[in-house]
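Read the structure below first, then the notes.
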Amino acid sequence: MFFADYNDHQYGNWLVVIQIFMLDEGSGNNEMEAIMAVITNNDFLYNVFGGFTHFTWQSAVMILIGCTLIYLGAAKDYEPLLLVPIGFGCILANLPLTELIHVPRDGYVFNHSIQEALGEAGLMPFVEGARVVNEGILDVLYNAGIANELFPCLLFIGIGAMTDFGPLLQNPRVMLLGGAGQFGIFLTLMLALAIGYDKLEAICIAIIGACDGPTSIFITSMFNPALLGPISVAAYSYMSLVPLIQPPVMKLCTTKNEREFVMSYEMLTPVTQRTKILFPIVVTIVTLLIAPSGGALMGTLMFGNFLRECGAVGRLVQAAENEIANITTLFLGLTVGATMTGEVFLTAKTLGIFALGFIAICGDTAFGVFGAKLMNLFSKHKINPLIGASGISAFPMSARVAQKVGNEANPQNYLLMHAMGVNTSGQIGSVLTASVMIAIIGALQTMGVDLTIN
Amino acid sequence: MANVNAPMAGKLLSVDVKVGDTVKKNDPVATLEAMKMQIKVFAPADGKVAEIKAEAGANIDPSVVIMTLE
Amino acid sequence: MEVIDNMTFGWLLTVVGLTMTMTSLGVLILVVTVLKKFQN
């Protein structure tokens with residue numbers, strides 16, 4: 001919109017300047033007048049103070065939102081590692097004319113030399129109405145890691161390297177709860193479709209229920225990059241709010257008696273290092289045979305974990321869980337934040353996404369708790385249903401919540417390690433669900449089913 | 001006579017009672033750190049602290065007795 | 001291009017997705033249990 005007039009005005013000005021100097025040639029002492037004529041020209045003022053004149057109410061609101069995110073991250077400690085870069089990226093992208101990033105992507109063609117040649121031949125841009133622009137620095141980051149889903153996967157190597165699947169391996173059947181925790185995703189999918197979101201939009205919204213930032217970003221950049229801003233902000237905000245959102249839902253779904261149930265640690269059988277080493281390899285092979293398209297997510301997660309457990313590559317583990325994870329988080333946050341321009345973000349859709357994301361996480365919690373109750377019906381080793389709520393990917397917040405709620409109900413109840421097992425299975429579960437979804441959509445697309453957004 | 005075992009594997013941060021202290025069931029008696037979370041260990045029964053067997057800073061697991069009550 | 005209804009799409013994804021997820025997790029539990037049998 002306003003970018004286009006900016007350019008027109010710019011050319012207009014040059015013409016004005018050239019004309020004035022041509023007229024004044026020879027008269028010499030009229031130079032001042034000529035300069036005055038230029039600087040009092042409306043077009044000139046309009047463009048020289050472009051930062052102000054192109055400032056819209058959307059920019060103002062978005063900058064305010066950016067500041068709020070920074071405040072929540074920096075002052076209130078809600079996921080600061082992500083919300084701070086996201087907030088700053090949002091401010092950068094919404095200051096007019098900075099040309100750091102160009103979203104939505106469909107409207108732009110990037111100006112590389114080959115395209116320049118095509119342009120001169122009158123063959124550019126390919127997309128009708130698209131404007132040829134130079135890449136801004138955030139465009140470079142976007143193309144390097146978001147458009148091709150690289151950053152979330154790099155992050156997964158770090159997450160894998162940080163995760164200890166020990167508690168899960170000690171009691172492998174709780175892995176079912178990591179699956180039950182994903183039911184919320186499908187509940188949200190149905191809700192989103194029912195209230196009129198398009199198919200691929202609904203999938204991106206539903207995946208917020210995985211409570212897993214990188215997975216949400218991966219799926220969204222794959223299926224509907226226009227929603228990246230709202231979805232990643234919703235995902236990360238709700239992740240940081242897990243300690244507030246989950247307890248009421250957990251209490252609502254259980255009786256005091258159920259919450260008091262003490263789980264001993266005797267039912268956990270110890271595992272050897274060999275099992276821990278073999279686990280990531282086995283998971284990779286089994287899950288990727290079932291859902292090959294999840295290779296990028298599951299492959300990187302399990303690769304990171306294998307690095308950790310094999311014990312031979314301490315330096316690589318260090319790099320994965322510190323340097324790689326930190327650098328990726330920084331670039332990912334900044335770039336995702338920069339996709340939040342007013343045009344894209346300030347819509348009713350965004351509000352819907354936040355509402356549905358909330359339902360998704362409450363749904364996950366409730367389904368997890370009921371999943372645990374269901375398991376109790378069929379097994380002789382009873383479990384405390386509270387740990388079912390940890391079957392989401394928000395690690396380790398969710399396990400801590402289970403420990404806290406259980407401990408409040410009965411001080412003799414220490415659920416933390418049990419909940420950790422469920423929590424790590426929630427990580428596997430959410431990646432698995434995402435992989436399966438990609439597989440199904442891929443299958444539909446090869447069948448020639450129309451999934452395009454209207 | 002009751003043993004207070006570590007509820008889970010972790011690091012014992014501090015023992016919050018002394019030998020001879022009287023404790024009631026569900027009083028906090030020690031602090032444990034597991035998975036970067038601080039967890040209070042609560043007395044399993046009423047009694048008097050007879051002996052403290054674990055030191056702060058030690059890595060403990062459910063087989064370790066932190067203290068005995070009588 | 002074949003067109004399918006939004007809700008049909010949703011149910012399809014839910015039923016197939018959940019079945020595949022839970023099956024994979026079930027297989028994983030079996031495999032881990034077997035692994036643990038051989039660990040000593």
Side-chain angles (χ1 to χ4, degrees), chain A residues 165 168-170 172-180 182-183 185-187 189-194 196-199 202-203 206 269-276 278-279 282-283 285-287 289-291 425 428-430 432-437 439-441 443-444 447-452, chain C:
Chain A
F165 287 111
L168 171 63
L169 292 173
Q170 289 174 357
R173 67 201 176 94
V174 295
M175 224 181 296
L176 287 177
L177 294 175
Q182 312 308 322
F183 278 51
I185 295 181
F186 294 100
L187 172 79
L189 174 74
M190 297 306 287
L191 273 176
L193 288 169
Y197 282 91
D198 276 313
K199 298 181 187 79
I203 287 173
T269 47
V271 285
T272 56
Q273 191 60 29
R274 198 193 322 163
T275 314
K276 283 174 140 190
L278 289 175
F279 180 67
V282 168
V283 173
I285 296 173
V286 172
T287 56
L289 283 176
I290 297 173
S425 73
I428 296 182
S430 67
L432 201 55
T433 311
S435 313
V436 167
M437 277 183 157
I440 299 173
I441 291 165
L444 288 176
M447 273 168 59
V449 175
D450 182 18
L451 296 175
T452 44
Chain C
M1 275 272 176
E2 243 180 280
V3 178
I4 55 171
D5 179 55
N6 273 7
M7 290 322 274
T8 321
F9 172 77
W11 281 116
L12 179 86
L13 212 62
T14 306
V15 173
V16 183
L18 277 178
T19 319
M20 280 175 78
T21 308
M22 293 320 263
T23 318
S24 329
L25 287 172
V27 175
L28 277 182
I29 293 176
L30 281 178
V31 175
V32 171
T33 317
V34 173
L35 260 182
K36 283 176 74 175
K37 287 262 186 320
F38 288 104
Q39 71 177 2
N40 296 318

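Sequence lines set the chain letters: A, B, ... in the order given, protein chains first and strands last, and positions in each chain run from 1.
Smallest separation of non-hydrogen atoms from A:Met190 and C:Gly10: SD-C, 3.4 Å. For the pair A:Phe186 and A:Met437, the tightest heavy-atom approach, listed with the atom from each and the gap, is CE2-CE, 3.9 Å.
Contact of A:Ile428 with chain C is made through the side chain alone, with heavy-atom distances under 4.5 Å. Of the atoms belonging to A:Ile185, not a single heavy atom falls under 4.5 Å from chain C. Contacts of A:Val286 with chain C are made by side-chain atoms alone, with heavy-atom separations under 4.5 Å and no backbone atom involved.
The candidate from A:Leu278, A:Ile441, A:Leu444, A:Ile440 with the greatest count of non-hydrogen atom pairs under 4.5 Å with chain C is A:Ile440. The greatest number of non-hydrogen atom pairs below 4.5 Å with chain A, out of C:Leu13, C:Val31, C:Leu12, is found for C:Leu13. Taking chain A as the reference chain and counting heavy-atom pairs below 4.5 Å, the highest number among C:Ile4, C:Val32, C:Leu35, C:Leu18 is found for C:Leu18. By number of non-hydrogen pairs under 4.5 angstrom with chain C, the leading residue of A:Val282, A:Val174, A:Val271 is A:Val271. The candidate with the highest count of non-hydrogen atom pairs below 4.5 Å against chain C, out of A:Ile203, A:Thr287, A:Leu168, is A:Ile203. The most heavy-atom pairs under 4.5 Å with chain C, out of A:Leu189, A:Leu193, A:Leu176, come from A:Leu193.
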Got a list of side-chain donor-acceptor pairs under 3.5 Å for residues 21-29 of chain C, not counting sequence neighbours?
{"from": "C:Thr21", "atom 1": "OG1", "to": "C:Gly17", "atom 2": "O", "distance (Å)": "2.7"}
{"from": "C:Thr23", "atom 1": "OG1", "to": "C:Thr19", "atom 2": "O", "distance (Å)": "2.3"}
{"from": "C:Ser24", "atom 1": "OG", "to": "C:Met20", "atom 2": "O", "distance (Å)": "2.5"}

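Note: A:Leu169 CG to C:Thr33 OG1 = 10.0 Å, rounded to the nearest 0.5 Å. Of the inter-residue distances, the one linking A:Arg173 atom CZ with A:Ser425 atom OG reads 12.0 Å to the nearest 0.5 angstrom.
A 4.5 Å side-chain heavy-atom check between A:Phe279 and A:Thr275 finds every atom pair outside the cut-off.
Evaluation of the side-chain contact (heavy atoms from CB on, under 4.5 Å) rule for C:Leu30 yields no partner, not counting sequence neighbours.
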